[in-house]
Visitor: 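Please read through the structure below; I'll follow up with questions.
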Amino acid sequence: MAGQQGGDRGGFGSRIGFVLAAAGSAIGLGNVWRFPYTAGQHGGAAFVVIYLVCVAAICVPVLFAELAIGRASRKNPVGAFASLAPGSWWPAVGGLGVLTGFAILAFYSVVAGWTLGYLGRALLGTFADPLTHEQSVALFERIEGAGIIPVLLTAGFLLLTALVVRGGVEAGIERAAKILMPVFFVLLVAMAIRAMTLEGSAAGLAFFLKPDLSKIDGGVFMGALGQAFFSLSLGMGAMITYGSYLSRGDRMPGAAISVALADTVIAVLAGLIIFPTIFAAGGDPQAGPGLVFVVLPSIFGKLPAGFLFAIAFYSLLVIAALTSTVSLLEVVVSYFVDERGWRRERATWLVTFACFLLAVPSALSGNFLDWQSILFGNYALTIGAMLICVFVGWRWGIPAAVEEIGRGGAPMPLAPLWGLIIRWIAPVAIAGVLIYIVATGNYM
Ligand code: PFF
């Protein structure tokens, strides 16, 4: 394995391999499933504006911070803090990240299981003709609410994830991501074009793109901030872990910005598909976690070769979800491999099994899933990201981080501004949103 750092860790064979694998982690159900329904629940375009501001002003700087911690320490999140701040309590922040990763994987794999169910349906030809809104809702209930079926689909998805992680970083993750993400992008563009030309779609486009700023409240801020961290895989050490596999000679800034850009473009594309389609079909944009699943079946039948199109789309969504679940599992497994000396194989199977047990309640109850998604997907990631800023800004130090980022020949752009954001702006803004949420009791 090229770029190997000894033991069972492995590394990326090339910089482009890293970009695609990190983009693979970032791009997933967070973009296609969670972004549209969260935007729908929080007023549409007003949410989108806040989301974009959060990504640019807070998340991209945090992404640099995580990659720097990872490459400087070459460790999993717990070991990374321990090696950069020996003898302190900072490794507990890494520990929080590992736990968060585990908990996110437990609900994420349930939704990923639904996508497997839809792929099965696509293969059976269910989407060859456009489904009415009522038929789509009924189908969703049959896949998501059918007792044992979602549990089995979750187990299937976790099994796929474990098989990739067991193989190690380069062999498993890199190869898959390299070819398939660009294909996914092309399909999404085609679907967005079709959605925007549906009769009655204009209202959906306006809902998604024309902000009504009076809709902004604390809940919109919290939702957008949490979603931005979730979508970029930040706040729990996934990017610390991937940074640890990036080699010293690689130029980091361009890689980080490409990942953030690709992730944001895919989320916006998903919105451009979902909202025009749901308004055209007369559905409710506030439908919640089922939104994407009930909206999409009405569009495939209106695309050329809809039958094949649906198969291709759900296959690629499964793969996009897989490159994300792989990164979630990888964080937890790399902790056990590095810190506890477990063999990769053993760590992979034990963690996967434990995760399945935690996933069962989410597979059986939409409420439990929703609650887990908010607690871990929004709050734990946001708090984790705030602590990462405090760590880099006040403990490890901006100069050391800037030097690490610039290793490999491309210096950190706007380094003084970045330092200001990491030390002051990001942690104060995040703390402000959290305090405001607690004070107003508006938790979602
Ligand atoms: N970013 C992934 C997505 O948008 O689907 C989800 C995710 C992966 C979140 C890895 C956090 C993480 F560490």
Side-chain angles (χ1 to χ4, degrees), residues 20-39 51 54-55 59-60 62-63 66-67 69-70 76-77 80 93-94 96-115 157 161 164-165 173 177 181 184 188 224-245 259-271 289 292 316-335 351 355 369 372-385 388:
L20 289 168
S25 166
I27 296 166
L29 299 171
N31 308 62
V32 177
W33 160 70
R34 204 174 187 267
F35 173 79
Y37 94 72
T38 316
Y51 176 83
C54 289
V55 168
C59 295
V60 169
V62 171
L63 175 58
E66 284 202 27
L67 292 176
I69 293 173
N76 70 91
V93 174
L96 172 74
V98 171
L99 267 175
T100 305
F102 182 77
I104 290 179
L105 181 58
F107 74 78
Y108 197 97
S109 54
V110 173
V111 182
W114 300 345
T115 63
F157 205 91
T161 308
V164 176
V165 169
I173 308 172
M181 287 303 109
F184 191 48
L188 289 173
L225 192 59
Q227 174 58 24
F229 287 130
F230 186 89
S231 193
L232 286 168
S233 305
L234 295 173
M236 51 154 276
M239 291 299 174
I240 293 180
T241 306
Y242 274 18
S244 78
Y245 299 122
V259 169
L261 211 64
D263 186 71
T264 307
V265 168
I266 301 277
V268 171
L269 266 179
V292 179
L316 289 162
L317 188 57
V318 162
I319 289 157
L322 188 61
T323 52
S324 300
T325 52
V326 159
S327 73
L328 289 160
L329 183 58
E330 177 65 25
V331 169
V332 187
V333 166
S334 74
Y335 164 74
V351 172
C355 194
L369 191 155
Q372 282 226 316
S373 169
I374 287 168
L375 183 64
F376 294 103
N378 272 16
Y379 286 92
L381 292 183
T382 301
I383 292 168
I388 287 167

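All residue numbers in this chain count up from 1 along the given sequence. All ligand and atom numbering here is 1-based and tracks the order in the structure. As a basis for the values below, the full set of heavy atoms in this structure was taken, side chains included, without hydrogen atoms, waters or symmetry mates.
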Visitor: Write down, by chain and number, every protein residue that brings a non-hydrogen atom to less than 4.0 Å from an atom of ligand 1.
Guide: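 Close residues (ligand 1, cut-off 4.0 Å): Ser25, Ala26, Gly28, Leu29, Gly30, Asn31, Tyr108, Phe230, Ser231, Ser233, Met236, Ala238, Ser324, Ser327, Leu328.
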Visitor: Do side-chain atoms of Ser324 reach the backbone of Ile27 as a donor and acceptor pair under 3.5 angstrom?
Guide: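 Judged by distance alone, yes, a pair lies under 3.5 Å.
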Visitor: With sequence neighbours left out, what residues match Phe230 under ring pair (Phe, Tyr, Trp, His ring centres under 6.0 Å)?
Guide: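 Ring pair (Phe, Tyr, Trp, His ring centres under 6.0 Å) list for Phe230, sorted by chain: empty.
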Visitor: Who are the ring pair (Phe, Tyr, Trp, His ring centres under 6.0 Å) partners of Tyr51, not counting sequence neighbours?
Guide: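 Listed in chain order: Phe35.
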Visitor: So, using ring pair (Phe, Tyr, Trp, His ring centres under 6.0 Å) as the criterion, who are the partners of Tyr37 when residues are at least two apart?
Guide: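 Tyr37 satisfies ring pair (Phe, Tyr, Trp, His ring centres under 6.0 Å) with Trp33 only.
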Visitor: Using modelled atom types only, decide if a donor and an acceptor are shared between the side chain of Asn31 and the backbone of Asp263 within a distance under 3.5 Å.
Guide: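 Answer holds: yes.
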Visitor: Taking the side chain from Thr100 and the backbone from Leu96, do they hold a donor-acceptor pair closer than 3.5 Å?
Guide: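 Such a contact is found between Thr100 side chain and Leu96 backbone.
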